[in-house]
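Report on the structure given below.
Below, all heavy atoms of this structure are taken into account, side chains as well, without hydrogens, waters or symmetry copies. Along the sequence shown, the residues carry numbers beginning at 1.
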Amino acid sequence: MKSERALRGAGGSGGLGAGLKYTSRPENMNGCEEGVEFLPANNSRKVEKGGPRRWVVLVAVLTVFLALSLLAGLLAWHFQDRNVRVQKIFNGYLSVRNENFLDAYENSNSTEFANLAKKVKEALKFLYSGIPVLGPYYKTSTVTAFSEGSVIAYYWSEFDIPKHLVKEAEQAMAEKRMVTVPPRARSMSSFVMTSVVAFPSDPRKVQNTQDNSCSFALHAQGSEPTRFSTPGFPDSPYPSHARCQWTLRGDADSVLSLTFRSFDVATCDERGSDLVTVYDTLSPVEPHAVVQLCGTYPPSYNLTFLSSQNVLLITLVASTERRHPGFEAVFFQLPRRSSCGGYLRGAQGTFSSPYYPGHYPPNVNCTWHIEVPNSKNVKVRFKAFFLQEPNVPVGSCTKDYVEINGEKYCGERPQFVASSRSNKITVHFHSDQSYTDTGFLAEFLSFDARDPCPGSFMCNTGRCIRKELRCDGWADCTDYSDELDCECNATYQFTCRDKFCKPLFWVCDSVRDCEDGSDEEGCSECGRGRGGGRCPAPRGLAAGPRAPAESSCSPGCPPNTFKCDNGKCLPQSQQCDGKDNCGDGSDEAKCQDVKAVTCTKHTYRCLNGLCVDKSSPQCDGNEDCTDGSDEKDCDCGRRSFTRQSRVVGGENSDQGEWPWQVSLHAQGHGHLCGASLISPSWMVSAAHCFVDDRGFRYSEHSMWTAFLGLHDQSKRSAPGVQERGLQRIIKHPFFNDFTFDYDIALLQLDRPVEYSATIRPICLPAADHTFPTGKAIWVTGWGQTQEAGQAAMILQKGEIRVINQTTCEHLLPQQITPRMICVGYLSGGVDACQGDSGGPLSSPEADGRMFQAGVVSWGEGCAQRNKPGVYTRLPVFRDWIKQQTGV
C-alpha cells in the first residue's frame, strides 16, 4: 500500500500536463493554459511575464520524467523479486515421544518404518502449516532414518520460498519446536514430536530414496571392528561425481569409534575437491559435522573420531574427474561413558580429554576436581593441547575449550602450565556439537609455593627451566619471561635496546638477532658474512674480541649506493638494471624481474647457454629460461603425503612423507647410513660412509644393500619397500677423511627402482641456489635418538634452521669450509646423530617442491648447545653430480 500511495502522489504533481505550457502565439488566453506573448523587438530588454525561463521548465520536466522512470523500475524490480522462488532443502532431526525403538526401524523398506515415517511427515506438514513463513511454501518431506532415543527421526524437507523470505525461513527452521498432532479417534493418543530442528543443506548430500547404488547401512557387531571402504578400493578409483553415504550404528547406550586406515581422495584446492564429511547424526546436518576431509593422509596420521551417541553418518561428494582410490575405514562400538571427569587426589597424576589421542566426541562436558596435600599448591601442565575448530578466530574460545581459574584456553598451544594458590584446582573441558580435535594430555603436580621450581627458573607461565637458560639470548619460556629484566655479561654478551641479551659475536654479522635490530646498527661493512675480522662494537657498547691484525676493516659504501660482493661500490640505480655492472654479477643476482645477463657464478645457465639473473629459478613453476629448460626434469621433490608435525629431538615421520629417503645396510651390520634418491638409478650419500675401517671394506659396493620406500626398520619386507644392491660407489676425489671436506658420494643402483607413492626423487638445486640464514629445513634418518643412545626403528624427522656462516665459523673455528653448511639451533635440542650420515637435508622451496640442501656429514656430539650440525653444501657439487651421473 505504501508503494501505491507513492506512485499516485508522483503522478498528481509531476505529470507532463502539470505546470506551465509555452506557446509562440497569444492564443487561449482565457482557457486552462496560460500563454506567453513575445514582446516586440524594441521591448526586448523587458522581462517576460507569465512564467520562468524555458530552460528551467525543461530541466524540471526532465527531472520529473527520470524520477518516474526510476520509481517504476524499482517497483518492477521489487515485485519481480518478491515473486522469485528459491528451492530450499533442510536436513533435520526430531524426537518422537511415547515410541519405543524397534529393530525394524533400521530397515527403510519395512512396514514399521513406513508407518512411523508417514506419521512424522504428517506431523511436519501440520507444524509448518502454522508458521506463516513456511506453510504456504512447503512441498514435501522425506524421513531417511530412525535411531534410539526414544525414537529419533532424521528427515529432510523441501520448500519453494520467495527469495526475500529465505533468511527468515532459515531462522524459523533452526528454532527448536514441539508439535502435538491431536488423535483422530478417542481411542488413540496424541502424536508428539519434540526438538524439531533443521538446517539448510547442500542438495548434493540429500538422500535420494530412488537411488541406493552408493548407499550403505552398517551395524557394529559386538566389539569387533567392521571394515568398509569406497567402491572398488583399493584396486580401482571410486566413481567420479559420486554421491555416497554410509550410515553406521551401534547398540543402544554405546558410542562409535571410527578410524580411517587409508585415505586418498582428490586434493583440496581451488579447482574443487571431493569431500568426505562425518556427522554425529544420521542426517547431513552441517552444525553436527565432526570433520571434513579431502586430499591424502598418511597411514600414521590420527584419523580416529568418536561419536556422542550410537550413530554416525559418512558422506562422500565427488565433484571432480580426478581419479583416486578413496578410503578404507573401520568402526566398532564402545560402552557409553556415564560420566566424564571426576576427583583426582594425590601429589601428582595424569588425565586427558576423552579417548585421547583419538578425537574427543562432540557434546562433551568433563570436570576434574584436583586436590594435592594440604601443605602444597597445585599446578596443571598440559603436555599436548589441540582444541582447534575451523573458522574460529584465534583466541575466541566460544566452542571447544578448557576452563581453569575462570580463564578459557583453546586452539593449538605449546606446553603451558596453569596453577592455583591453594591445594585445589578445577579443570573443565567442553566440546560443542560440531568439529572435534585430538584434545589434550595433562599432568597435575604439587609444589611448594615458596620455591615452585627447586634449583630451576620458573617462567611466568609456571613452567620450570634450567637456571643456566636464564638470560642466554634464547626464549626457553613461551612468554619470553626467561629473557626479561636481564643484566647482560659485557664480556661475551651484547645488550639489545629492548634489554635482551645476545652473544657478542652475533653483532654486525648481517643477521638481525635483536628484535629492534640494534645488533646491526653502527656497523661498517667489514667482516660481514665472511668469517673475517670482527667489526668495532656499536656506539656506547662494550667492545668484543678484537679482530686479528691481518683482518683490517675497510669502510663501507656511501649512502644510496650498492656494494658488490667484490667490494666495488655502485650507484643504487645500477642494481637490477640487467647489466653486470659489478663485474661478478652480484648486482643482478637477486632481482625480481628475470633478465638474460652475462653468465657468472651468481647466475643460472639455461640449456641454450643463456643465463638469467633470478636466484634459484629451477623447478619453481615459472619458465624463466627462453627455452624452458629451468622447468625441465622437474618430476622430483613431490610427496604423496604432506602432513607434518615437528633424529635427536625429532619425531616419527609419517609413512611416505620422505619418499627419497634411503636406508643403507652394510653386510652383517644392518643400517649404517642414509642416502637420497635423485633418479631411478642414482643416489647421493656421504663419502665418509664408504671409508674402509677395521678390516671391513665399506668401499666395496657389493657389501651394501639399499632399501627404498622404507619406514620401519623392522618391516623391510613390507609391501611398497624395494630392495636394491649397489653397482658403483663414487666418492668425491677431493674427500678428506680427517676434515670431512668434500664429504659426498654418488651411488649407482644395480637396477632402477620403480617410482610409487612412497618412492620418489628429491630435486637437486642448481649451483647458484641459495638457502638463506634462518630458513627452515628438515633432517631425516634412522640414527640415534640421543647421543650414545639407541638407533630409531621408525624414520625420524626434525625441523632445523640454517645458521649464519660467520657464526658457524666462530663456533667451530678452523673447521668450516665453503663446502659445508651449518644447520640446527644454537640452543641445541634437534640435530642429526650417528646413523643419520648420508641422509638428506630437505628444503621446501617454490611450487611446494623439496630440494636437497645438503648431506648429513659431521658434528661435535649431538644436539648440543652452540654445536650445530655440519652438512655438505649440495649446490657446490651440482656440476660434479651432472658430470658423473647425467642427472
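Between Arg697 and Asp692 a salt bridge is recorded (basic side-chain N to carboxylate O distance below 4.0 Å).
Residues Cys459 and Ile465 meet the side-chain proximity criterion, which asks for heavy atoms closer than 4.5 Å. The closest side-chain heavy-atom distance from Ser857 to Met820 is not below 4.5 Å.
The SG atoms of Cys471 and Cys501 lie 2.5 Å or more from each other. By the SG-distance test at 2.5 Å, a disulfide connects Cys689 to Cys673.
Closest of all the heavy-atom pairs between Val662 and Leu708 is CG2-CD2, 3.9 Å.
Between Trp658 and Trp778, the angle of the ring planes lies from 30° to 60°, which puts this pair in the tilted group. Under the 30°/60° scheme for interplanar angles, the aromatic rings of Trp704 and Tyr698 are found to be tilted.
A donor-acceptor contact closer than 3.5 angstrom links the side chains of Arg873 and Gln805. Under 3.5 Å, the side chains of His732 and Gln884 contain no donor-acceptor pair of N or O atoms.
Listed for the Ser685 side chain is a donor-acceptor partner under 3.5 Å among the backbone atoms of Gly674.
For the atom pair CD1 (Ile881) and CD (Gln852), the distance works out to 7.5 Å, reported to the nearest 0.5 Å.
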Asn302 and Thr438: CA distance, side-chain angles, deciding distance, side chain to side chain donor-acceptor pair (under 3.5 Å) verdict:
CA-CA 8 Å; Asn302 186 346; Thr438 52; 5.5 Å; no
Under the side-chain contact (heavy atoms from CB on, under 4.5 Å) rule, what do Val855 and Phe877 come out as? Steps first, then yes or no, please.
CA-CA 11 Å; Val855 178; Phe877 299 97; over 6 Å; no
For Asp743 and Phe735, run side-chain contact (heavy atoms from CB on, under 4.5 Å): C-alpha distance rounded to whole Å, both residues' side-chain angles, the deciding distance at 0.1 Å, then the answer.
CA-CA 6 Å; Asp743 189 14; Phe735 169 63; 3.6 Å; yes
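Under a cut-off of 6.0 angstrom, the local environment of CZ in Phe734 is sparse, with at most 12 non-hydrogen atoms contributed by other residues, nucleotides or ligands.
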